[in-house]
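These notes are about the structure you will find just below.
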Amino acid sequence: MSIAIIVEGKNDKTRLRRLLTEDIIIVCTFGSLNTDRLEELKKKILTRDVYLFTDNDPSGKKIRAILRDTFPDAEQMYTRRGYAGVEGTPDEYLIQQLEKAGLEEFIIYPPIIPTFEKF
């Protein structure tokens with residue numbers, strides 16, 4: 001399965017890259033979409049399965065709407081309202097969204113740090 005995730009900016013990409021294997025490509029809209037940019041995205045994505053992961057703010061919703069028209073079969077992933085976009089979303093929540101989208105096999109889970117309890 002060949003997968004592409006579309007995010008808004010390079011910080012979003014950097015944030016997700018830490019959590020995903022190199023099998024998944026992550027491409028950016030860089031906050032704006034015009035015909036040329038959409039064509040560039042289509043060329044990068046080709047026949048990959050597409051996932052949209054944009055911010056839950058007015059700009060992110062506008063970008064998502066345009067991307068939905070361009071990639072109508074794309075799966076949707078969302079940040080929670082109140083988080084500062086994808087880049088400001090805690091890893092735990094990002095992982096939940098990736099799992100919810102069925103991408104478990106591509107997730108690089110952070111190491112579990114043992115806690116020491118007093119007896």
Side-chain angles (χ1 to χ4, degrees):
M1 180 156 88
S2 188
I3 297 170
I5 298 177
I6 302 176
V7 297
E8 291 178 62
K10 65 180 182 176
N11 292 335
D12 298 336
K13 179 179 179 176
T14 300
R15 187 67 186 263
L16 283 180
R17 178 51 54 214
R18 292 183 306 119
L19 298 173
L20 292 167
T21 64
E22 293 294 325
D23 300 324
I24 294 182
I25 68 163
I26 303 170
V27 294
C28 303
T29 66
F30 297 109
S32 62
L33 291 171
N34 56 35
T35 305
D36 291 338
R37 184 70 186 128
L38 287 171
E39 287 303 315
E40 186 180 319
L41 288 172
K42 286 182 198 177
K43 286 178 185 174
K44 285 183 180 179
I45 290 169
L46 299 172
T47 60
R48 291 177 172 87
D49 292 337
V50 178
Y51 292 77
L52 306 179
F53 206 167
T54 60
D55 299 345
N56 195 1
D57 61 10
S59 175
K61 290 176 183 177
K62 181 179 177 182
I63 290 169
R64 181 183 296 275
I66 294 167
L67 290 171
R68 263 197 314 248
D69 289 342
T70 305
F71 303 100
D73 296 329
E75 294 286 331
Q76 309 290 318
M77 294 189 290
Y78 299 92
T79 59
R80 184 178 288 164
R81 184 165 289 156
Y83 289 148
V86 173
E87 71 180 86
T89 299
D91 286 350
E92 299 80 27
Y93 190 80
L94 291 173
I95 289 170
Q96 285 177 1
Q97 293 306 300
L98 294 165
E99 289 173 340
K100 189 175 175 182
L103 301 175
E104 298 92 342
E105 69 183 278
F106 303 103
I107 298 171
I108 300 170
Y109 290 91
I112 298 172
I113 300 171
T115 58
F116 298 98
E117 297 179 23
K118 291 183 178 181
F119 292 99

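Side-chain atoms are counted along with the backbone in the values below, which use heavy atoms only and exclude waters and symmetry mates. Numbers for residues simply follow the sequence, beginning at 1.
- With contacts defined as side-chain heavy-atom distances shorter than 4.5 Å, the pair Ser2/Ile25 does not qualify.
- Taking each heavy atom of Ile26 and Lys13 in turn, the nearest pair found is O-CE, 3.2 Å.
- Taking the side chain to side chain donor-acceptor pair (under 3.5 Å) definition, one finds that Glu75 meets it with nothing, sequence neighbours left out.
- Summarising the geometry of Asn34 relative to Asp36, their closest heavy-atom pair is OD1-N, 3.1 Å, with the distance given to 0.1 Å.
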query = Can you check side chain to side chain contact (heavy atoms under 4.5 Å, CB included) on Ile63 and Leu52, steps first, answer last?
reply = CA-CA 10 Å; Ile63 290 169; Leu52 306 179; over 6 Å; no
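- Scanning all heavy atoms of the two residues, the minimum distance from Phe53 to Val86 falls at O-CG2, 3.6 Å.
- Listed for the Gln76 side chain is no donor-acceptor partner under 3.5 Å among the backbone atoms of Tyr51.
- A cation-pi geometry, defined here as NZ or CZ lying under 6.0 Å from the six-membered ring centre and within 45° of its normal, holds between Arg64 and Tyr78.
- Thr54 places none of its side-chain heavy atoms less than 4.5 Å from the side chain of Lys61.
- Linking Ile, Leu, Val, Met, Phe, Trp and Tyr whenever their side-chain heavy atoms come within less than 4.5 Å puts Phe106 and Tyr109 in one cluster.
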message = Could you go through Val50 and Asp73, starting from their C-alpha distance and side-chain angles, then the distance that decides it, and tell me whether this counts as side chain to side chain contact (heavy atoms under 4.5 Å, CB included)?
response = CA-CA 7 Å; Val50 178; Asp73 296 329; over 6 Å; no
key: Trace of the side chain to side chain contact (heavy atoms under 4.5 Å, CB included) decision for Val7 with Thr29   = CA-CA 6 Å; Val7 297; Thr29 66; over 6 Å; no
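- For the atom pair CD (Gln97) and CD1 (Ile107), the distance works out to 10.5 Å, reported to the nearest 0.5 Å.
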Intermediate values then yes/no, side chain to side chain contact (heavy atoms under 4.5 Å, CB included), Arg18 and Ile108 = CA-CA 7 Å; Arg18 292 183 306 119; Ile108 300 170; over 6 Å; no
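- Separating the CG atom in Leu33 from the CD atom in Glu8 is a distance of 9.0 Å, to the nearest 0.5 Å.
- Going from atom CD of Gln96 over to atom CG of Leu94 covers 9.5 Å, rounded to the nearest 0.5 Å.
- Of all heavy-atom pairs between Gly60 and Asp57, the closest is N-OD1, 2.6 Å.
- Here the closest non-hydrogen pair linking Ile24 and Leu20 is CD1-CD2, 4.0 Å.
- In the hydrophobic cluster analysis, where Ile, Leu, Val, Met, Phe, Trp and Tyr join through side-chain heavy atoms closer than 4.5 angstrom, Val27 is grouped apart from Ile3.
- Side-chain contact check for Leu38 versus Ile66: some heavy-atom pair is nearer than 4.5 Å.
- Interatomic distance, Ile6 CD1 to Met77 CE, rounded to the nearest 0.5 Å: 10.0 Å.
- Looking at Arg80 and Thr89, their side chains never come closer than 4.5 Å, going by heavy atoms from C-beta outward.
- Salt bridge Glu39/Lys42: present, at least one basic N to carboxylate O contact under 4.0 Å.
- The backbone N or O of Leu19 lies less than 3.5 Å from no partner atom in the side chain of Arg15, so there is not a single donor-acceptor pair.
- A distance-only check finds a donor-acceptor pair linking the side chain of Asp12 to the backbone of Gly9 [under 3.5 Å].
- Leu67 and Ile5 end up in different hydrophobic clusters when Ile, Leu, Val, Met, Phe, Trp and Tyr side chains are linked at under 4.5 Å.
- Distance CG/Leu103 to CG/Asp23: 11.0 Å, rounded to 0.5 Å.
- What you find for Gly85 and Asp55 is that their closest heavy atoms are CA-OD1, 3.2 Å.
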